[in-house]
Amino acid sequence: LQVGVAMNTREQTEDLKAFEQRLTECVGYVEATTSKWRILIVIVLVWLVISIWNWWRDDTQYVTYLDMLKSNQSLSLCLITICIMYITGIFDRSRASKIITQRCRNVLRNYNMSCDEQGKLILKRTPRQVVEPWRTEFPPNT
C-alpha cells in the first residue's frame with residue numbers, strides 16, 4: 001500500500017513539474033510579444049506628447065476643433081492611431097501575460113496553489129483548523 005502511495009506522489013510531483021514548465025513557457029512566449037506592443041505604445045505616446053506640445057505652442061486662433069485638427073495633421077494622425085490601437089485591442093495585448101497569470105491564480109487558488117509573474121508555481125500550506133476547547137458548538141436541530 002505504501003508503494004502505491006509513493007508512486008502516486010511521484011506522479012503528482014512530475015505532473016506539477018510538467019504543468020509548471022508549460023505555464024512558464026506560455027507566459028515567457030506571451031511576455032516576449034507583449035514587450036513589442038509596449039514599445040509601440042511608448043512610441044505612439046511620445047508622438048502624442050510632441051504633437052500636443054507643437055499644438056500648444058501654435059499661436060493660431062481656431063474657430064472649431066475641426067479647424068484645429070485640420071491644421072495640426074500630426075496630432076490628428078496620432079489621435080486616429082490611438083483610436084485604432086484601442087479598437088484593435090493593443091492595450092489589452094500589452095497586458096496579456098498579467099491577464100494569463102491572474103486567471104491561473106484564480107484557478108490554482110482552489111488547489112491551495114498560486115503562481116508568480118513568470119509562471120512558477122507556488123505551493124501553499126493547507127490551512128489548519130484551530131481547535132478551541134472553550135468553544136463548544138452543537139449541530140443544529142433538524
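The residues of the chain are indexed from 1 along the displayed sequence. For the numbers below, each heavy atom of this structure counts, side chains included, while hydrogens, waters and symmetry mates do not.
Between Arg109 and Asn106, the side chains place a donor N or O and an acceptor N or O closer than 3.5 Å (distance only, hydrogens not considered). In this model, no donor atom of one side chain and acceptor atom of the other lie less than 3.5 Å apart for Asn54 and Ser51.
In this structure, OG1 on Thr81 lies 12.0 Å from CD1 on Ile43, to the nearest 0.5 angstrom. Rounding to the nearest 0.5 Å places CD1 of Ile50 at 11.5 Å from CG of Leu45. To the nearest 0.5 Å, atoms CD1 (Ile100) and CD (Gln102) are separated by 12.0 Å. Interatomic distance, Ser71 OG to Leu66 CG, rounded to the nearest 0.5 Å: 10.0 Å.
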Run the side-chain contact (heavy atoms from CB on, under 4.5 Å) check on Trp37 and Leu40 step by step: do they pass?
CA-CA 5 Å; Trp37 292 118; Leu40 178 66; 3.8 Å; yes
Tell me, with the steps shown, if Leu108 and Cys115 meet side-chain contact (heavy atoms from CB on, under 4.5 Å).
CA-CA 8 Å; Leu108 291 171; Cys115 64; 4.3 Å; yes
Would you please test Cys104 and Leu23 for side-chain contact (heavy atoms from CB on, under 4.5 Å) and show each step?
CA-CA 9 Å; Cys104 285; Leu23 182 61; 3.5 Å; yes
Would you check, one step at a time, whether the test side-chain contact (heavy atoms from CB on, under 4.5 Å) holds for Thr34 with Arg95?
CA-CA 7 Å; Thr34 58; Arg95 299 180 307 120; over 6 Å; no
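At least one donor-acceptor pair under 3.5 Å links the side chain of Glu20 to the backbone N or O of Leu121.
Hydrophobic clustering of Ile, Leu, Val, Met, Phe, Trp and Tyr side chains at less than 4.5 Å, counting indirect connections, unites Val44 with Tyr86. Under a hydrophobic-cluster definition in which Ile, Leu, Val, Met, Phe, Trp and Tyr are linked whenever side-chain heavy atoms come within less than 4.5 Å, directly or via other members, Trp47 and Ile41 are assigned to different clusters. Taking hydrophobic clusters as Ile, Leu, Val, Met, Phe, Trp and Tyr residues chained together by side-chain heavy-atom distances below 4.5 Å, Tyr65 shares a cluster with Leu79. By the rule that hydrophobic residues join a cluster once side-chain heavy atoms approach within less than 4.5 Å of another member, Leu75 and Val49 end up as members of separate clusters. In the hydrophobic clustering of this structure, Met85 groups with Ile52; members are Ile, Leu, Val, Met, Phe, Trp, Tyr whose side-chain heavy atoms approach within less than 4.5 Å, directly or through other members.
Counted within 6.0 Å of CZ on Phe91, heavy atoms from surrounding residues, nucleotides or ligands total more than 12; the atom is thus considered enclosed.
Among the candidates Tyr62, Trp56, Trp55, the single residue satisfying the side-chain hydrogen bond (donor to acceptor under 3.5 Å, both in side chains) test with Asp58 is Tyr62.
Salt-bridge formation is detected for the pair Arg105/Glu117: a Lys NZ or Arg NE/NH1/NH2 atom is positioned less than 4.0 Å from an Asp or Glu carboxylate oxygen. Between Arg22 and Glu25 there is a salt bridge, with a side-chain nitrogen of the basic residue lying less than 4.0 Å from a carboxylate oxygen of the acidic one.
Nearest heavy atoms, Glu31 versus Ser97: OE1-OG, 2.7 Å.
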